[in-house]
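Okay, structure first, notes after.
Just so you know, ligand 1 is whichever comes first in the structure, and atom 1 is the first atom listed for that ligand. Position 1 is the first residue of the sequence; numbering continues from there. Because only heavy atoms are used, hydrogens play no part in the values below, and waters and symmetry mates are left out as well, while side chains stay in.
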Amino acid sequence: MDRMMMPKNENFRTIWLKPDDPTIVQIIDQTKLPHEFLVRDLGDYREGAHAIREMLVRGAPLIGATAAWSLYLAMIEGSNTSDPIGFVEQAAIELGGTRPTAVNLRWALDRVVGVIRLSGEDQDLVSLLRDEAQSICDEDIEICWNIGVHGCQLIEEISKRKPGEAVNVLTHCNAGALATINWGTATAPIYAATQRGINVHVWVDETRPRNQGSQLTCWELARNEVPHTLIVDNAGGHLMQQGQVDICITGTDRTTRSGDVANKIGTYLKALAAKDNDIPFFVALPSTTIDWTIRDGLTEVSIEERDAREVSHVRGMHGGEVCDVNTVAEGSAIINYAFDITPARLISGLITERGICDASEEGLAQLFPELAGRA
Ligand code: MRU
């Protein structure tokens with residue numbers, strides 16, 4: 001499998017079982033991109049937890065999938081103990097503490113633990129968890145593909161209004177194939193549109209401090225030959241004022257049942273600028289990212305605070321080596337909030353696997369009545 005040709009290659013995946021050793025899960029180490037393409041082995045659930053915490057894998061759906069595969073690894077290990085189920089439940093608690101904002105983490109852990117609790121006495125729990133982790137990944141690919149099909153309509157409509165010209169999409173962070181299993185959420189409509197021959201150009205926010213835009217989204221789009229331009233995070237408002245942005249599409253780590261969106265820090269500022277310039281601002285999400293238990297993003301979502309070093313240092317390639325460079329005067333205080341909340345009132349619509357809806361309780365409940373009703 002040529003993982004470099006992602007996601008053009010329909011077989012591309014960000015996480016998979018090692019073909020010749022089913023006790024190992026393999027991931028792409030995203031901390032090394034775009035300079036190095038490194039596949040890493042996860043041999044136990046602790047390595048899975050480390051990969052999530054240190055962001056070797058990141059992006060809400062991939063965090064969830066990694067947690068599911070980690071519980072499979074925990075079950076292999078736990079099978080040699082007197083209490084395999086207790087062992088996996090303890091692993092689920094540890095995994096649940098790795099990153100606080102993306103709700104897919106809790107969703108995936110609850111789903112896998114739920115499967116164990118419903119299992120019969122004679123069931124092979126290792127196979128059961130392997131199949132469940134695999135299903136979560138297979139479903140994510142289908143979900144993202146469908147987000148692409150629905151979101152593509154928005155791009156197509158804009159394209160019809162400006163024949164012969166590129167549709168300019170602005171995106172923030174990496175809500176691409178690398179953040180999911182394949183296709184991405186915010187990028188899925190872009191890939192679907194380019195596959196249909198629609199002329200699309202993407203403005204990629206650099207996304208400080210970790211630069212998921214320049215390091216991951218640019219890498220992805222370049223490999224798929226999607227025309228794109230990297231901009232610093234503060235350039236978006238200017239481009240919008242100049243009429244150079246037709247639509248903004250971002251991802252989300254957690255969407256409340258009323259449509260508030262927690263996403264990478266800086267998303268809120270883009271939504272404000274889009275509102276001021278009458279530019280549609282859409283958020284693409286799988287239903288696994290909806291937190292049906294909460295309404296108010298501002299008071300009810302825990303916002304991850306990460307290491308100050310991510311702000312003080314910038315990672316790059318120097319002299320053939322990937323290294324971190326300090327950019328800050330000594331003695332300054334630093335704070336590093338990883339996410340912010342974009343209120344539903346600033347969002348033009350939510351692009352989901354079942355269609356596009358208003359960013360509102362009614363909109364989400366109409367598309368997902370069974371999930372809205374259950375919470
Ligand atoms: O801190 P990260 O890199 O995990 O943040 C990722 C994002 O903010 C994405 O936009 C979000 O997870 C959606 S991914 C489809």
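Closest non-hydrogen pair, Ile155 versus Ile249, comes out as CD1-CD1, 4.4 Å.
In this structure, the separation between CG on Asp246 and CH2 on Trp203 is 10.5 Å, given to the nearest 0.5 Å.
For Asp20, the CG atom sits in a packed shell: over 12 heavy atoms of surrounding residues, nucleotides or ligands are nearer than 6.0 Å.
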Any protein N/O atoms within less than 3.5 Å of an N/O atom in ligand 1? List the atom names and distances, or say none.
residue: ligand 1; atom: 1 (O); partner: Arg99; partner atom: NH2; Å: 2.8
residue: ligand 1; atom: 1 (O); partner: Lys264; partner atom: NZ; Å: 2.7
residue: ligand 1; atom: 3 (O); partner: Arg58; partner atom: NE; Å: 2.9
residue: ligand 1; atom: 3 (O); partner: Arg58; partner atom: NH2; Å: 3.2
residue: ligand 1; atom: 3 (O); partner: Gln212; partner atom: NE2; Å: 2.8
residue: ligand 1; atom: 4 (O); partner: Gly59; partner atom: N; Å: 3.0
residue: ligand 1; atom: 4 (O); partner: Arg99; partner atom: NH1; Å: 2.9
residue: ligand 1; atom: 8 (O); partner: Asp253; partner atom: OD1; Å: 2.9
residue: ligand 1; atom: 8 (O); partner: Asn263; partner atom: OD1; Å: 3.1
residue: ligand 1; atom: 8 (O); partner: Lys264; partner atom: N; Å: 3.4
residue: ligand 1; atom: 10 (O); partner: Asn263; partner atom: OD1; Å: 2.7
residue: ligand 1; atom: 12 (O); partner: Ala60; partner atom: N; Å: 2.9
residue: ligand 1; atom: 12 (O); partner: Asp253; partner atom: OD1; Å: 3.0
residue: ligand 1; atom: 12 (O); partner: Asp253; partner atom: OD2; Å: 3.0

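When the side-chain contact (heavy atoms from CB on, under 4.5 Å) test is applied to Cys248, the partners found at least two apart in sequence or on another chain are Leu170, Met240, Val245, Ala274, Ile279, Phe281. Applying the side-chain contact (heavy atoms from CB on, under 4.5 Å) test to His238 and every residue at least two apart in sequence or in another chain returns Gln242. A search for side-chain contact (heavy atoms from CB on, under 4.5 Å) contacts involving Arg354 returns Thr352, Leu367, Phe368, Pro369, Glu370, not counting sequence neighbours.
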